[in-house]
Trainee: 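Attaching a single structure in structure tokens format; questions to follow.
Below, read A as the first sequence line, B as the second, and so on, with proteins coming before strands; counting in each chain starts at 1.
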There are 2 protein chains.
Amino acid sequence: MRTRLKDVAELAGVSVKTVSNVVNNYVHVTPELRARVTAALDELGYRPNLSARNLRLGRSGMIALALPSVRGAYFSELAHLIVREAEQHELTVLIDCTYGDLEREKNVVESFRTHLIDGIILVPWQLGTADLRAREDTTPLVLLGERMAQSADSVAIDSRAAGQAATEHLLDIGRRRIGVIRNLPRNTGGVVSRNRLNGYKRALAAAGLEFEPELIAEVDFSHGKDARLATDRLLALPEPIDALFCFNDELAMAAMRRLHEQGYRVPDDIAVIGVDGIATGTAVTPTLSTIDPDKQAIAETAVRMLVERIEGSAETGPRRVKAGFTLVPRESTMGQQHTRRRRRTAKHVSGH
Amino acid sequence: MRTRLKDVAELAGVSVKTVSNVVNNYVHVTPELRARVTAALDELGYRPNLSARNLRLGRSGMIALALPSVRGAYFSELAHLIVREAEQHELTVLIDCTYGDLEREKNVVESFRTHLIDGIILVPWQLGTADLRAREDTTPLVLLGERMAQSADSVAIDSRAAGQAATEHLLDIGRRRIGVIRNLPRNTGGVVSRNRLNGYKRALAAAGLEFEPELIAEVDFSHGKDARLATDRLLALPEPIDALFCFNDELAMAAMRRLHEQGYRVPDDIAVIGVDGIATGTAVTPTLSTIDPDKQAIAETAVRMLVERIEGSAETGPRRVKAGFTLVPRESTMGQQHTRRRRRTAKHVSGH
DNA sequence: CTGTTAGCGCGTTCAG
DNA sequence: CTGAACGCGCTAACAG
């Protein structure tokens with residue numbers, strides 16, 4: 001059944017240490033011995049016991065990735081990149097879904113698989129600054145999102161700049177009455193959503209337009225039903241809107257769908273832009289204009305920062321890194337002729 | 001820094017065993033002692049070392065989920081359900097991406113985090129029956145997909161029935177010249193793709209139609225470019241097609257997009273149906289008709305079978321479970337009026 | 001270059 | 001009901 005280092009040692013007639021050396025590719029082993037050990041190794045079908053190794057070494061080579069859900073397109077793309085990036089550092093990723101639940105988020109930062117994971121990457125949803133400051137667990141932690149940058153390492157795009165860029169794009173193509181569908185801030189934080197809205201306001205102000213609260217609709221989740229209701233509410237306004245800025249792409253796609261059902265043309269009647277740069281945005285008709293965060297950079301940075309913490313090679317205080325994003329104009333704002341003329345115009349905003 | 005059971009014991013003035021008892025909620029502990037231990041426990045901020053516990057217990061409470069990628073909508077939805085299901089059994093899921101690479105798949109079933117994971121759920125892409133039969137590792141394994149059902153537990157929908165149902169639906173609405181975009185079988189296996197095609201042929205035969213190889217287009221990946229080329233090839237046929245059966249939803253969405261670009265209307269000119277039942281299928285215009293595998297049942301069954309193997313409570317031989325699927329007709333085959341008349345018609349095919 | 005030995009932290013016998 | 005001692009499998013000192 002399960003064979004231990006010792007069994008192999010006995011069969012090969014050497015000491016445990018020697019077998020260990022061979023397994024771990026140590027240099028100073030006689031070729032002859034190495035051969036004998038190797039033979040014994042796969043005669044017995046030896047598999048190292050990583051629990052024992054971890055116990056001994058004090059690290060496991062695993063990191064946790066905790067996010068609200070791996071179902072949505074944005075998070076699944078991000079998770080993919082993080083898994084890929086972790087691999088470069090010989091780390092395995094352990095996925096945990098928090099469902100945006102506060103208790104689960106607390107559990108992640110306090111006592112999730114203790115001493116079994118070397119570090120944590122968390123996308124917080126409800127967790128507040130206070131929770132983080134009161135944190136007792138010392139497992140290295142990196143946050144994805146702009147929240148609570150004081151209390152731990154974090155990486156995120158500049159949400160206000162993103163909100164501003166999206167709004168400016170709509171203004172650039174001549175829209176003046178821009179509705180917003182924002183996902184509701186779930187806690188006192190809600191910084192991301194609020195910052196995007198601030199960017200929106202800022203762009204309006206710069207264009208000499210007044211901010212009108214009635215143009216802002218809120219939804220709880222990114223799901224179809226809520227987005228539909230929000231869209232309907234904006235469509236019911238006495239003075240009609242001519243553009244829609246949705247705080248994520250799935251919201252935007254649901255809204256576009258609803259606009260179509262209600263007989264509006266996108267972008268002719270109403271231009272639509274989202275945030276996230278999800279892949280399906282290029283597969284729908286019209287293709288979806290979006291603010292595309294540099295997910296690759298986010299993944300790279302998050303893993304790198306975590307590794308630095310794990311190795312203890314990082315400075316002491318919490319670090320806050322800004323990732324870049326790209327405005328990707330597509331048909332939902334530029335119209336069909338856009339696709340034929342220029343294949344892809346993109347404005348870059350690089351990370352800090 | 002890190003406090004061990006022993007430290008707590010000393011502070012509380014009791015033995016290690018007693019602390020362990022408290023930590024593990026054993027019954028027979030004096031309330032007074034329990035209180036003292038509990039106090040010491042959180043004064044020192046004790047966190048159990050799971051590596052040590054795992055070593056001692058011989059199991060880890062973790063299972064691996066290995067799939068080609070967590071990026072695509074289908075796999076990410078499936079992963080989500082599996083994580084959720086594993087949670088019910090107090091298991092944590094460790095995600096590994098194989099990228100459909102043979103070496104990586106082999107590594108998963110042979111020596112992936114040995115003795116650290118209690119079981120493996122694998123979506124094989126290239127791995128063959130031979131590899132599986134030659135497998136030396138004894139970690140419990142459940143396969144997702146119809147391949148190699150002889151050599152390990154597996155759960156999947158009946159691909160031939162699915163292919164047949166999709167084709168029959170297109171025939172039902174009066175289409176007679178049905179193009180197919182299939183994802184290329186990557187190895188000698190490719191059972192899923194081949195079975196779906198067999199279902200297609202069978203439906204044609206039942207309708208008295210002849211199978212025409214020129215109607216079958218193959219793509220390597222589900223990605224936009226390939227799907228576009230495949231669509232173009234089918235559109236270039238001398239005798240035009242009136243329907244398109246894509247072997248997955250992302251392919252179908254890319255194809256619909258291409259049809260639109262080329263000036264075809266869906267479903268008026270060409271009806272389109274996919275497979276997978278991904279969420280965005282309801283957000284695009286027209287909404288996508290699809291064969292929707294019972295992902296919940298797949299996740300449930302896979303985890304349950306794995307748990308049975310881990311606990312040793314399963315019969316000896318490999319088990320092969322069929323999951324159900326549902327035909328979900330939407331606008332891409334039924335047209336717009338469909339949406340208004342009946343909200344959702346679905347034909348069920350239950351699992352075996 | 002190789003063998004011996006002592007823990008890593010925990011659960012679990014066995015005594016008491 | 002509680003305390004002491006052992007061993008899970010492995011790596012790293014320390015001899016030799």
Trainee: I'd like to know if the side chain of B:Ser60 and the backbone of B:Leu116 have a donor-acceptor N/O pair within less than 3.5 Å.
Mentor: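 It does hold such a pair.
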Trainee: A:Arg36 CZ to C:dT2 C1': how many Å, rounded?
Mentor: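 From A:Arg36 CZ to C:dT2 C1': 12 Å.
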Trainee: Roughly how far, to the nearest 0.5 Å, is CD1 of B:Ile298 from CD of B:Glu85?
Mentor: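 It comes to 12.5 Å.
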Trainee: Along nucleotides 10-16 of chain D, 5' to 3', which nucleotides get a B, which get an S, and which get a -, given that the test is a protein heavy-atom distance under 4.0 Å?
Mentor: BBBB---
Trainee: Starting at CG of B:Asn21 and ending at C1' of C:dC10, how long is that distance when rounded to a whole Å?
Mentor: 12 Å
Trainee: Using atom types as modelled and distance alone, determine if a side-chain donor or acceptor of A:Thr114 lies under 3.5 Å from a backbone N or O of B:Pro48.
Mentor: yes
Trainee: A:His115 NE2 to C:dG9 P: how many Å, rounded?
Mentor: 9 Å
Trainee: Among the nucleotides D:dC8, D:dG3, C:dT2, which one has an atom lying closest to any side-chain atom of B:Thr18?
Mentor: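 Given the options D:dC8, D:dG3, C:dT2, the side chain of B:Thr18 is closest to D:dG3.
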Trainee: Any side-chain N or O of B:Ser51 under 4.0 Å from OP1/OP2 of C:dG9?
Mentor: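 Indeed not, no polar side-chain atom of B:Ser51 lies that close.
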Trainee: Both B:Leu55 and B:Gly13 contact DNA chain D. Taking the nearest nucleotide for each, which residue is further toward the 5' end?
Mentor: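 Result of the comparison: B:Gly13.
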Trainee: Rounded at 0.5 Å granularity, tell me how far CG in A:Asn54 sits from CE in A:Met62.
Mentor: 6.5 Å
Trainee: Which whole-number value in Å describes the distance from A:Glu10 CD to C:dT4 C1'?
Mentor: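 To the nearest whole Å, that distance equals 15 Å.
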Trainee: CG/A:Asp153 to CZ/A:Arg309 distance, rounded to the nearest 0.5 angstrom?
Mentor: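 With rounding to 0.5 Å, CG (A:Asp153) is 4.0 Å from CZ (A:Arg309).
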Trainee: Taking atom P of D:dC8 as reference, at what distance in whole Å does atom CG of B:Leu116 sit?
Mentor: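 Taking CG of B:Leu116 and P of D:dC8, I get 18 Å after rounding.
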Trainee: For B:Asp137, which residues count as a side-chain hydrogen bond (donor to acceptor under 3.5 Å, both in side chains) partner, sequence neighbours excluded?
Mentor: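 For B:Asp137 the side-chain hydrogen bond (donor to acceptor under 3.5 Å, both in side chains) partners, ignoring immediate neighbours, are A:Arg47, B:Thr139.
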